[in-house]
Amino acid sequence: MSRQYWLMKSEPDAFSIDDLAAKPEQTEHWDGVRNYQARNMMRDQMQMGDRIFFYHSACKVPAIVGLAEVASQAYPDHTAFDPESKYFDDKSDPQNPRWWMVDVKFVEKFTQPISLKTLKAMPELEQLALVKRGCRLSIMPVAELEWLAILNKLGSE
DNA sequence: GCCAACGTTGGC
DNA sequence: GCCAACGTTGGC
């Protein structure tokens, strides 16, 4: 399968791209996803080496702030089994896990983030879920042409 | 902090 | 299986 591209949202107050860069191996498991569409993409479609736009949401300037990559195949999200975790879900059975995650590895932090405002102004991104009204998907695919158009914005702001 | 949009839950 | 109620997301 050829390389695919993704966008993953994170609230910087909870887990920022700097947090990812500071992890051992600059890698962290992407736990806590409790949305079926997002889960399916991680479980069924993500491949090691796929590239990711790291997006900061619910903050002052929502923006793509850098790059990461998929660093594992999907495996069960163990936080769903932990009653102490805020992500605990008693309907997820270790024998038949409901929730899955992948490892994500830091690649690069942009010197200049690409803001949601900028992304919304790009005609090439009209089909991108992120810029659509009320989009709450925390993980979404990015088409190759969209990926390239966004990278082209780097340094042009 | 507000609130629109969305996904999920659960009664029927 | 419908749909109202609810909780959450996330831009503003």
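Just so it is clear: chains get the letters A, B, ... in the order the sequence lines come, proteins before strands, and each one is counted from 1.
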(message) Rounded to whole Å, how long is the line connecting atom CD of A:Gln37 with atom P of B:dG7?
(response) 7 Å
(message) Given A:Tyr55, which partner from the list A:Val65, A:Leu116, A:Ile17 fulfils the side chain to side chain contact (heavy atoms under 4.5 Å, CB included) test?
(response) A:Leu116
(message) Tell me the interatomic distance from A:Asn35, atom CG, to B:dT9, atom P, rounded to whole angstroms.
(response) 11 Å
(message) Does any part of the side chain of A:Trp99, heavy atoms only, come nearer than 4.5 Å to the side chain of A:Pro76, both counted from C-beta?
(response) no
(request) Scan A:Cys59 against the nucleic acid and name what it touches under 4.0 Å (heavy atoms): base, sugar-phosphate only, or nothing. (result) nothing
(message) Surrounding CG of A:Leu145 (heavy atoms of other residues, nucleotides or ligands, distance under 6.0 Å), is the total greater than 12?
(response) no
(request) Using atom OH of A:Tyr36 as one end and atom C1' of C:dT9 as the other, report the distance to the nearest whole Å. (result) 17 Å
(request) Just call it for A:Lys60: base, sugar-phosphate, or nothing, with non-hydrogen atoms closer than 4.0 Å on any strand. (result) nothing
(message) Expressed as a whole number of angstroms, how long is the span from A:Asp90:CG to B:dT9:P?
(response) 11 Å
(message) Regarding A:Ser138 and A:Arg34, do their side chains bring together a donor and an acceptor under 3.5 Å, going by distance alone?
(response) no
(request) Specify the residues of residues 123-134 of chain A, ordered by number, for which at least one heavy atom lies under 4.0 angstrom from an atom of DNA chain B. (result) A:Arg133, A:Gly134
(request) Measure the CD1-CD distance between A:Ile139 and A:Gln45 for me, rounded to the nearest 0.5 Å. (result) 11.0 Å
(message) If you compare every side-chain N and O of A:Lys9 against the phosphate oxygens of C:dG10 (OP1, OP2), does one of them come in below 4.0 Å?
(response) yes
(request) Whole angstrom is fine here: how far is it from NZ in A:Lys91 over to C1' in B:dG10? (result) 11 Å
(message) Check this for me: does any side-chain nitrogen of one of A:Glu28 and A:Lys23 sit under 4.0 Å from a carboxylate oxygen of the other?
(response) yes
(request) Can you tell me the distance, in whole Å, between the CZ atom of A:Arg34 and the C1' atom of B:dT9? (result) 17 Å
(message) We want to know whether A:Trp6 and A:Asp50 form a side-chain donor-acceptor pair, criterion being a heavy-atom distance below 3.5 angstrom.
(response) yes
(message) Distance check needed: C:dT9 C1' versus A:Ile139 CD1, whole Å only.
(response) 14 Å
(message) Between C1' on C:dG11 and CD1 on A:Ile64, what's the gap in Å once rounded to a whole number?
(response) 16 Å
